[in-house]
Structure formats: structure tokens, C-alpha cells
Number of protein chains: 2
Amino acid sequence: MPDRPLNLLLQAPVFRGAHPDDLRELAVLSTPLSLRRGEALFHAGDEVRSLYLVVRGSVRVYRVGRGGTRELTLHVEGPRQLVSGVTAFQEQAAPERLVTYPAHAEVLQTPTELLSLPAQAVREAAYHTPALAQAVIAYFARRQAELLERMESLVFSELGERLAAYLLEHAAAPWPLPTNSELAALLGTVPELVSRKLGEFYRLGVIRLERRVVQVVDRPALTELAGQAAARR
Amino acid sequence: MPDRPLNLLLQAPVFRGAHPDDLRELAVLSTPLSLRRGEALFHAGDEVRSLYLVVRGSVRVYRVGRGGTRELTLHVEGPRQLVSGVTAFQEQAAPERLVTYPAHAEVLQTPTELLSLPAQAVREAAYHTPALAQAVIAYFARRQAELLERMESLVFSELGERLAAYLLEHAAAPWPLPTNSELAALLGTVPELVSRKLGEFYRLGVIRLERRVVQVVDRPALTELAGQAAARR
DNA sequence: CGCGGGATTGAAGGGATTCAACCCATGTGG
DNA sequence: CCACATGGGTTGAATCCCTTCAATCCCGCG
């Protein structure tokens, strides 16, 4: 089916409200790619040429610090979400100063399917189509609000609160936890601490944990533990 | 002079590259206001009706946490900069869900002069004028990159490194320090710690400090102290 | 001269970090 | 079928930084 890319684009929140005609050209220019868990989509410092729409699977965008011993996950993007969407709109300040990715991106699930879109073309489309401009700008604004929330919880909340908030977000049903390393990167800490805190919650009886499958038992208590980290939801 | 607002708008980086005709309508709708140090521009939770262009003076945008005992300064905006620029572009998700400021804003200098622009009109203008859309989007992208830098340094660097980096940024000549409270809010900590670290740097001989006027004496050493927090500049 | 806001300093305590050891499940190859 | 390697996970202990509360100091100002 030749216009499947177009449908995918139309369903992405970044382009919400756009008319099919606005996206037809981009759909033609898009190229699909499929990666497996652990594979890198790009590295920090690479030149930005394209942006990626997740079709299936998920991608983690992260930065490394402390001489590589530590990672901070900025976003985890699932289907219909954009990777590097904001960066791709940075114009280069000078001809010799290339725009580069400010973070790394790696694939979390096998298989993960993506649509690669040329950054230049997307920019052009957004500038010249009011509906697209509106959607992109609104998307950026949402993104920034999310980043601020993230930043605030990292600065103001302690690890226990952040972990409790994380657990509450996914508490609908028992679900398998990511590895402690991944959790640590999400929460801005190290695997050891995640292990300790999880054990603490377990001993308190607010969660059940068996073979990495976790279930929230005492939601009020967990909400209490999340403190103000959860107050905003 | 009736078209002074227009000139101010034309000089703002947010609207860089715009044609005067694109901004004429906005200039007419703008209203000037003048505030003094300590006065609030808006509070978190207020409905977003306008965005502000700083003409003279400076404005601090910050969030409070830990039950009000602690503040985190997100940005300090000077002349030609926009306050609440990103938030003002958030469309309301539902008719009953107003868009509200996610942070507080207060004036740092007396006098601070601003131009208030109606959010709705600015949005419309940006959507329908390609040059404006381009400028606004580029501005958002830049802003997000800055936020990421900020977030990274808060997560990865220790207080001493952040303070050293801050001092280096302003090291061109001796200059008067803000109060310790303001510094603390910028660095994500409390005034006591700022005092301690400043004293430490002083005893190390890397800065001179007299009546709140600071001067970087040993720049290499300070760069060393800033560690990776300065490596990216 | 006393007042008040900010700055400094001390001390107690807690959370986070780091390094290291150990466990456990899985998978591989002899 | 077992030895072994591997990658997580868990736990302990030492240390460090940050936090918090409180006392004191300093300086400008009425």
C-alpha cells in the first residue's frame, strides 16, 4: 500500500489537524527503517539530517554524564511519537556550525519500526503551511511543559518520591519492570539505588514484586510516598 | 513616537527575520507596562492571556517546590527577550481546561519596562505568516536546547561545579553578585550552600570577593573546578 | 543607636554515591 | 551433564555532599 506512510504521518500528534495534502510530499520523502533493541538511532554530536517517527516499538533518548558512568533518559518515545523533533528545527547559526544532536537515541524493543523524514523538508513544510505550523508549535509547547515537569521533579523530589510517582503512572495492572539500569536512567540515579528503594517499597507492602513483575498493592500509601511529585497529576 | 512598539518587536529574536508588515498589527495591540523590583508579572496557575517582551530591566521566571521553601529559577530574561513565550502557544486541550502559567515571574530590576502582547493575536500571526512561524519555531528549538543544558547540569554536576560555571560565564570583568538567595535559586540549592562554596573558592584564591563584588583571579583553576559543567561551552 | 535583612558559620543528620562482594538465572561449550 | 562465563540484581560499608536548623555577624538605614 503506497500511501501507508501518509496515514502514519496523519496519525502523529505533531501533525494533528493537518490536511492530507499538506503531508503528501513528506510521505513520499520518508523512508522506513527497522531496528532491534540496543541499536543506536544516532549519537550526540552527529549531524542532524532527519527526524524519526516511531511506528512500532520504542526509542529512548538520553544524555550521558559523569564521564560516561551515568545516563539520564530524556524521553521514551512510543508509536506515533517523534524522535528529535525539536532539535531538527534548529537552524544552523553559521554555515560552518552544523546542527548536531544533543543526545543519544537507542532502540528499546525488537523490532522497532521508524519512518525517517528529511529535516529540511519537514521544516519547509511547517513554515509554509499554517495548519502544520500551528500543530508543530503546539507540539513544541507541550514538549517544553513536559520537560519542565521532569526537571522540577529531578530538582525538588527525592529518589523515593520519583520512583513512587513512576510506579503510580503505570499502576493500571501488573507489568514487567524495565531493568534497574533503565529505571535509574529515567530517575536520574544509579541501579543500586533503584534496587534499594524497590526493596523498601516491597517491605512496606505497597508493591508486590515477583520475577520483575510489579503490582501496586496499596495505592494510597504509594501516593503518599510520591508526595508532591504526584501532586501535579 | 507611535511606532516604537513596532521597532521593539522587530528587534526581538523571537521575530527575527519578520517583515515589518507582519508585526504591525501586533504592535498596535501591545500595551506597555512598567514594574519595580519584586513585583510579580504573573503567578503559576494564572490564566495565560498575554506574553511579555522585556524592553528594559530583567525578569526572573521560577518555580517553587518543597512546600514553598525552595525556588528554582528557570530563566532570567533581559531586554529583547520574551517571557512566557512558549507557554503562550499552548492551545487549551478542552474548553473548560484553561491554559495556565506553569511558573511564577517577578521583576528583578527597577524600573523594568515590558510590552504586553495578547497571546491569541500572537498565535494567529505566527500561524499565518511563514516568516514568523519560522522564527518562532527556531526560537522554541533554541529554548529547549537551553533547558536541556540546564537540566543536565542540575542532574550531573555538583554544586561546586555549577557555581564555578556560573562565575565563568560572567567573568569578563569584576561584577556585583546577586544575593545568595537568587544565586541559590539559579543553581538549585539554598543560600547557605552558596555562601559556603563562595568562601571555599575565595580561600582557594580563585576569586576575589569584596563587598559582594566578585572577580575571577585564577581562570584556569576555576575552569578546572567547573569540570564538565563548563566543557560544553 | 537600634533594627532588619542578608551573609556567614557551626553542627547534626540524611540521602546519595561509590566500590565491592555476592547471588542468581541464563546460555555456551566442553 | 556439568563447568564456566555473563549480565543483572541485591546487599554491605565507607564516604561525601547536601540539607536543615540555629546562632551569630555584618552593614546600611531610619
Side-chain angles (χ1 to χ4, degrees), chain A residues 37-38 64-72 106 108 110 153-166 176-204 207-214 225-229, chain B residues 37-38 64-72 108 110 153-167 176-204 207-214 225-229:
Chain A
R37 178 180 169 91
V64 300
R66 287 277 149 127
T69 64
R70 209 142 134 195
E71 298 184 351
L72 176 67
E106 71 167 18
L108 283 181
T110 304
S153 83
L154 284 170
V155 173
F156 286 144
S157 307
E158 328 207 306
L159 175 58
E161 300 176 306
R162 277 173 282 160
L163 178 57
Y166 172 85
L177 276 183
T179 68
N180 280 354
S181 301
E182 282 168 44
L183 278 176
L186 276 170
L187 302 173
T189 182
V190 289
E192 292 97 317
L193 265 286
V194 173
S195 179
R196 284 184 225 275
K197 285 292 171 191
L198 278 174
E200 199 176 297
F201 288 175
Y202 176 79
R203 281 187 292 280
L204 285 171
I207 60 172
R208 291 212 317 160
L209 192 50
E210 202 164 336
R211 314 181 120 270
R212 290 263 107 194
V213 169
V214 68
L225 285 169
Q228 63 172 344
Chain B
R37 178 180 169 91
V64 300
R66 287 278 147 126
T69 65
R70 205 138 137 199
E71 299 184 350
L72 177 67
L108 283 182
T110 304
S153 83
L154 285 169
V155 172
F156 286 145
S157 309
E158 321 207 312
L159 175 57
E161 300 175 306
R162 276 174 280 157
L163 178 57
Y166 172 85
L167 291 173
L177 276 183
T179 69
N180 280 353
S181 300
E182 282 168 46
L183 277 177
L186 276 171
L187 301 173
T189 182
V190 290
E192 292 96 320
L193 265 285
V194 174
S195 179
R196 284 185 223 275
K197 285 292 172 191
L198 277 174
E200 200 177 295
F201 287 175
Y202 177 79
R203 282 186 292 281
L204 285 171
I207 60 172
R208 291 212 316 161
L209 192 51
E210 200 165 337
R211 316 180 120 269
R212 289 264 106 194
V213 169
V214 68
L225 285 168
Q228 63 171 346

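Each chain gets a letter, A, B and so on, in the order the sequences are listed, and its residues count up from 1.
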With sugar-phosphate taken as primed atoms, P, OP1 and OP2 and all else as base, the protein-contact string of nucleotides 18-30 of chain D at under 4.0 Å (heavy atoms; B, S, -) is SBBB------S--
Take atom CG of A/Leu183 and atom P of D/dT10, then tell me their distance rounded to the nearest Å.
11 Å
Roughly, in whole Å, what's the span from CG in A/Leu177 to C1' in D/dG8?
13 Å
Sorted by chain and number, sequence neighbours left out, side chain to side chain contact (heavy atoms under 4.5 Å, CB included) with A/Glu182 holds for A/Arg37, A/Leu108, A/Pro178, A/Thr179
To the nearest Å, how far apart are A/Leu187 CG and C/dG15 P?
17 Å
Any side-chain heavy atom of B/Thr69 within less than 4.5 Å of one from B/Val64?
no
Expressed as a whole number of angstroms, how long is the span from A/Arg212:CZ to D/dT10:C1'?
10 Å
Exceeds 12 heavy-atom contacts within 6.0 angstrom, atom CZ of B/Arg208
no
Would the distance check show the side chain of A/Arg66 and the main-chain N or O of B/Phe156 forming a donor-acceptor pair, the cut-off being under 3.5 Å?
yes
Take atom CD of B/Glu182 and atom C1' of C/dA7, then tell me their distance rounded to the nearest Å.
14 Å
From CD of B/Glu161 over to C1' of D/dC16, roughly how many Å is that when rounded to an integer?
13 Å
Rounded to whole angstroms, how far apart are CG on A/Asn180 and P on C/dC23?
19 Å
Could you give the CD-to-P distance, from A/Glu210 to C/dA25, as a whole number of Å?
13 Å
Does A/Arg162 reach the main-chain N or O of A/Leu187 with its side chain, forming a donor-acceptor pair under 3.5 Å?
yes
Once salt bridge (charged side-chain N to carboxylate O under 4.0 Å, His left out) is applied, what residue pairs with a partner in residues 188-204 of chain A remain, sequence neighbours excluded?
A/Lys197-A/Glu200
